[in-house]
Protein chains: 2
Amino acid sequence: MATIRDVANRAQVSTATVSAVINDSAYVSPELRSRVLAAISELNYTPSLAARSLKHGRSQLIALVVADLANPFFARLVWAAEAAVAAWGYSLVLFNSDEKPENERRILARIRMLSCDGIILVPVDVASTIPQRDSEGEPIPTVLFGRTVEGQPTDTITIDNVSAARQVTNYLMDLGHTRIGTICGPQHLSTGRERLDGMLQAMRARGLEPSPQHIRPGEFREDTAYSVARDLLLQPDPPTALYVANGVMALGVMRALADLGLKCPDDISIASTDTIPGIGALRPRLTRTEHPVVDMTNEALRLLVDRINRGVRIDPRNVVFQPSLVVGESCGPCRGQ
Amino acid sequence: MATIRDVANRAQVSTATVSAVINDSAYVSPELRSRVLAAISELNYTPSLAARSLKHGRSQLIALVVADLANPFFARLVWAAEAAVAAWGYSLVLFNSDEKPENERRILARIRMLSCDGIILVPVDVASTIPQRDSEGEPIPTVLFGRTVEGQPTDTITIDNVSAARQVTNYLMDLGHTRIGTICGPQHLSTGRERLDGMLQAMRARGLEPSPQHIRPGEFREDTAYSVARDLLLQPDPPTALYVANGVMALGVMRALADLGLKCPDDISIASTDTIPGIGALRPRLTRTEHPVVDMTNEALRLLVDRINRGVRIDPRNVVFQPSLVVGESCGPCRGQ
DNA sequence: TTTTCATGGCGAAACGATTAGCTGGAGTAT
DNA sequence: ATACTCCAGCTAATCGTTTCGCCATGAAAA
């Protein structure tokens, strides 16, 4: 690779002048400037980001750590984040913690090595701490995405999961359902907890209580949801409606229904919080909440870049987005009992 | 951040010794080694990758440039690539060219700045050249993924698209279909061309020729495929079977069928090359080819790392994977005409 | 004419790691 | 006792930038 020195030699100027031309950081006479530009293009010169990074401690990298890259919800986040990161002039380094705390720790250490300027983190582990830039303790600017963890004073972007679950549950109850089951998420994740909470809140507000064997953990996974749904629906006293806590699991449930030969919404009503791309081709169309992933991502980057530039002087911010209910044909009135 | 000097001072040794401990690059007495390790953990020291990168020209970064991050096929590639890249000890920098040549050029320039050690590229533009590390012309190690471009002497991973399309078409013809239509991909992409070629080859081998108005470009996009399918199926003389060139478009077609009230396979048979995750929940199950994305990605990384280590001394390699036909219930025998 | 001032451009010192080459003390052979 | 070997550990140069401080030149002020 050609270096700034090669350019300086060829243009008969100093490296300082070349640098000034590249960064517009000082006035350079038109004469010299054009010589420099000519040399740059003749040598096909590109400044080295590694050297720059070393000099003034900015790597131009933003790390995105997702909890499960195989989940289309996060795939969409990746898509949106790549665009936003590029728009702000950074590059995106992508990691997948695969819902494993030990991976998360390894990844955060790696991010520190890379001296990334900022982190967008879908946290897995309550205990894993944001890496410190310094032993005095200035942390790397970080935005938590989608999930909350206890006692981390960081910027956070979340969705109102309780509201989402309430909306869906109320919708089912409005149709007359009282025996509502759920395939819920892991209770160690805030999303899992909040969505179950929202459902329970909504039911209790109308004096209902789901039967304990109608509450099944589905781990936010398609295959788990598939078998849990089969199991749940084959039991003697199945629910008349099912609230599914996320999009991938909804897919698994629909697959289970098809395999069991159950008709939706005639035999059972299905609704979910969260969705996945491509679910629009399913018939019946799923009643669900849609979460504004793109807006959330853009906001996450706004917060992150702001903190990168202004440091710890600003207090942690917490932005909560609202989900919206999209009604399909997967839910019908409760027939008899 | 603590530096190697801080560690050296605290452990009362030279930076050379610290470096030797970190990299196991020379013998260090147990005494000093333990002092160094203690200092490292007390200061919470991590070596700076930027400085390392500057010194011996390896950034530990591998760039992945996909053509359309919103497409679940590529999302899957991203997932597999992240895992493979991490397994080889690198980190993944992700870019989305969004099928636009000018983006691709911008991205490749950026990759050069970052001095990435290697590139996995889903190429968009025939003309865009692999960036040169050097004005003498040693290129950055690159593997082209999924698509080929003319006259680039680089390693390539592809799928046998012609065979995929032939298999699907033969399957449809075996069911008795003769009026087969297709929603094909863009003809400026090798995947688009080869899949259409394969279909035409298969039909001509049996003395058939699709009617020109049954060959419709769908741009590999869900929404385009949706409207093209509507249009195609509403015309006076619709095909009895439809070959769709990729997974996302198949989703669009299924959605169009549902909206038109057409029954598959009774009213029309549908089959595709390529698939997308989650298509398993659709009923009827789609007859399609499956492409071994994970194997392809692992092989891509194997080739890439090999070339990073061995440079230009090895000739370009071209690995072609074979698709497999997965039969669902979306195709039926041709009824009368 | 001399002094002051402004300023375009340059030289050289960082940034944090690696590594070639050197130093000096202990062990061995003569 | 001298010379030689060996090797753990150190010093200092280097990678490619940015940037501080300086120099020299020419214009303006006295």
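In what follows, chains carry the letters A, B, and so on, assigned in the order in which the sequence lines appear, proteins first and then strands, with residues in each chain numbered from 1.
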Report summary line: Residue pair T17(A)/L54(B) against DNA chain D: nearer the 5' end by closest nucleotide is L54(B)

Query - Integer-rounded Å distance: dA14(C) C1' and I4(B) CD1 - result: 17 Å

Requested in this report: Walk me through it: do R105(A) and E102(A) pass the test salt bridge (charged side-chain N to carboxylate O under 4.0 Å, His left out)?
Outcome: CA-CA 5 Å; R105(A) 275 191 290 276; E102(A) 71 269 23; 5.2 Å; no

Query raised in the report: Do L114(B) and S59(B) touch side chain to side chain, with heavy atoms closer than 4.5 Å?
Result: no

Query raised in the report: Which is true for S19(B) with a 4.0 Å heavy-atom rule: it touches a base, it touches only sugar-phosphate, or it touches nothing?
Result: base

Query raised in the report: With respect to the phosphate group of dG16(D), does any side-chain polar atom (N or O) of T3(A) fall under 4.0 Å of OP1 or OP2?
Result: no

Query raised in the report: Which part of the nucleic acid, if any, lies within reach of T15(B) when heavy atoms closer than 4.0 Å are counted: base, sugar-phosphate only, or nothing?
Result: base

Query - Which atom of L304(A) lies closest to which atom of P141(A), heavy atoms considered - result: CD1-O, 3.5 Å

Report task. Would you kindly compare R5(B) and S29(A) by the position of their nearest DNA chain C nucleotide and give the one closer to the 5′ end? Result -> S29(A)

**Report entry** d(CG, D24(A); C1', dT18(D)) in whole Å
**Finding:** 15 Å

**Report entry** Result of checking T297(A), V320(A), I120(A), V319(A) against I157(A) for side chain to side chain contact (heavy atoms under 4.5 Å, CB included)
**Finding:** V319(A)

Report task. To the nearest Å, give me how far apart CD1 (I40(B)) and P (dA17(C)) are. Result -> 10 Å

Report task. Return the value, rounded to whole Å, for the distance between atom CD1 of I22(B) and atom P of dT19(C). Result -> 12 Å

**Report entry** N or O in side chain of R52(A) less than 4.0 angstrom from dT18(D) OP1/OP2
**Finding:** yes

Query raised in the report: Starting at the 5' end of DNA chain D and moving along, which residue's nearest nucleotide shows up first, Q12(B) or K55(B)?
Result: Q12(B)

Query - Distance in angstrom units between Y27(B) OH and dC10(D) P, rounded - result: 14 Å

Query raised in the report: Around atom CZ of R5(A), are there more than 12 heavy atoms of other residues, nucleotides or ligands at under 6.0 Å?
Result: no

Query raised in the report: Contact class for V13(A) vs. all strands (heavy atom < 4.0 Å): base, sugar-phosphate, or nothing?
Result: sugar-phosphate

Report task. Take atom CD of Q60(A) and atom P of dT17(D), then tell me their distance rounded to the nearest Å. Result -> 14 Å

Report summary line: Winner on side-chain proximity to H56(A), out of dT19(D), dA8(D), dT17(D), is dT19(D)

**Report entry** Intermediate values then yes/no, salt bridge (charged side-chain N to carboxylate O under 4.0 Å, His left out), D24(B) and R33(B)
**Finding:** CA-CA 10 Å; D24(B) 265 356; R33(B) 150 168 267 112; 3.2 Å; yes

Query raised in the report: Is the shortest side-chain N/O distance from S25(A) to OP1 or OP2 of dT18(D) below 4.0 Å?
Result: no

Query raised in the report: Atom CG of N9(B) to atom P of dC10(D): distance rounded to whole Å?
Result: 11 Å

**Report entry** Heavy-atom donor-acceptor pair, R307(A) side chain to I314(A) backbone, under 3.5 Å
**Finding:** yes

Query raised in the report: With sugar-phosphate meaning primed atoms plus P, OP1 and OP2, does L32(A) contact a base, only sugar-phosphate, or nothing at under 4.0 Å between heavy atoms?
Result: sugar-phosphate

Query raised in the report: Is R317(B) atom CZ crowded by more than 12 heavy atoms from other residues, nucleotides or ligands, each under 6.0 Å away?
Result: yes

**Report entry** Rounded to 10 degrees, the angle between the two terminal axes of the helix from dT1(C)-dA30(D) to dT30(C)-dA1(D), each from five pairs
**Finding:** 60°

Query raised in the report: What's the CG-C1' distance between N23(A) and dT17(D), to the nearest Å?
Result: 9 Å

Query raised in the report: Among the nucleotides dT17(D), dA17(C), dG8(C), which one has an atom lying closest to any side-chain atom of Y45(B)?
Result: dA17(C)

